[in-house]
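Data block below; observations after.
Note: hydrogens, waters and symmetry copies are ignored here, and every other heavy atom, side chains too, is used.
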Amino acid sequence: MEDVNGFRHSAFNTAVRDWNHSLYPFPLFMYKYKCLSDPYSALTLDYRQPLYSISLPSSTTIKQKGTFNCTVIWTEYYIGDIDAFEDKDFNWITPYQNGRFVPYQKQLLLFRERGREVNEGDVISAKASLDE
């Protein structure tokens, strides 16, 4: 990423090749950020079933103008009765609550090499993969 909280990362980018292809586990609350889109489910896994290689295309619509320079990935666990699925807050363990990330949990951050200016209504395409 070029600029984070006013700091240029050019030297870091030069020193570390392909750094933007790695997922960094980091507590997002430590960064100054704004969400440009609503959260969405990129991949749903049922651990009661065997896991295979999965690759699913998806997309999200930008809700406000800004610079898109990082994708945030996190895991939510459903701990309720799976046979009587209820999408209630008390049935989930999630680091994303009330529109913010809780400070004690880490998220996976995937940084873009260069920020991309986006406008409300733009669509960002993505692909979620589980294969290695």
| Residue pair Tyr33 / Cys35: nearest heavy atoms and the distance that separates them | CE1-SG, 3.8 Å
| field | Least distance between heavy atoms, Lys127 atom then Ser55 atom | value | CD-OG, 3.1 Å
Only distances under 3.5 Å count here; give the side-chain donor-acceptor pairs of residues 72-85 to other protein atoms, sequence neighbours excluded, each with its distance to 0.1 Å.
residue: Trp74; atom: NE1; partner: Glu76; partner atom: OE2; Å: 3.2
residue: Glu76; atom: OE2; partner: Thr94; partner atom: OG1; Å: 2.6
residue: Tyr78; atom: OH; partner: Asp81; partner atom: O; Å: 3.3
residue: Tyr78; atom: OH; partner: Glu86; partner atom: N; Å: 3.0
residue: Asp81; atom: OD1; partner: Asp83; partner atom: N; Å: 3.0

| field | Evaluation steps, side chain to side chain contact (heavy atoms under 4.5 Å, CB included), between Leu28 and Leu109 | value | CA-CA 8 Å; Leu28 190 60; Leu109 309 181; 3.8 Å; yes
| field | Crowding at CG, Asp46 (>12 non-hydrogen neighbours, <6.0 Å) | value | yes
| query | In this structure, are over 12 heavy atoms from other groups packed under 6.0 Å from Lys88 atom NZ? | reply | no
| query | Where do Ile124 and Arg116 land on the side chain to side chain contact (heavy atoms under 4.5 Å, CB included) test, with the steps shown first? | reply | CA-CA 11 Å; Ile124 301 289; Arg116 173 179 156 192; 3.6 Å; yes
| said: Between Phe101 and Tyr31, is the side chain to side chain contact (heavy atoms under 4.5 Å, CB included) condition met? List the steps. | reply: CA-CA 11 Å; Phe101 289 97; Tyr31 283 106; over 6 Å; no
| request: Starting at CD1 of Ile62, measure out to CG of Asp38 and round the result to the nearest 0.5 Å. | output: 10.0 Å
| request: Hey, could you give me the NZ/NZ distance between Lys34 and Lys65, rounded to the nearest 0.5 Å? | output: 9.0 Å
| note | CH2 of Trp92 to CG of Asp87, rounded to nearest 0.5 Å, is 6.0 Å
| Stepwise, does the side chain to side chain contact (heavy atoms under 4.5 Å, CB included) test hold for Leu56 with Leu43? | CA-CA 7 Å; Leu56 296 172; Leu43 195 59; 3.5 Å; yes
| query | Rounded to the nearest 0.5 Å, what separation is found between the CG atom of Leu108 and the SG atom of Cys70? | reply | 10.0 Å
| field | Test item: Gln107 side-chain N/O and Phe29 main-chain N/O as donor-acceptor pair under 3.5 Å | value | no
| task | May I ask you to test the Ser58-Tyr40 pair for a side-chain heavy-atom distance under 4.5 Å? | result | yes
| message | Testing the basics here: between Thr67 and Gly115, what is the closest heavy-atom pair and its distance to 0.1 Å? | response | CG2-CA, 3.8 Å
| query | Hey, any chance Leu110 and Leu36 share a hydrophobic cluster, counting ILVMFWY side chains that come within less than 4.5 Å of each other, even indirectly? | reply | no
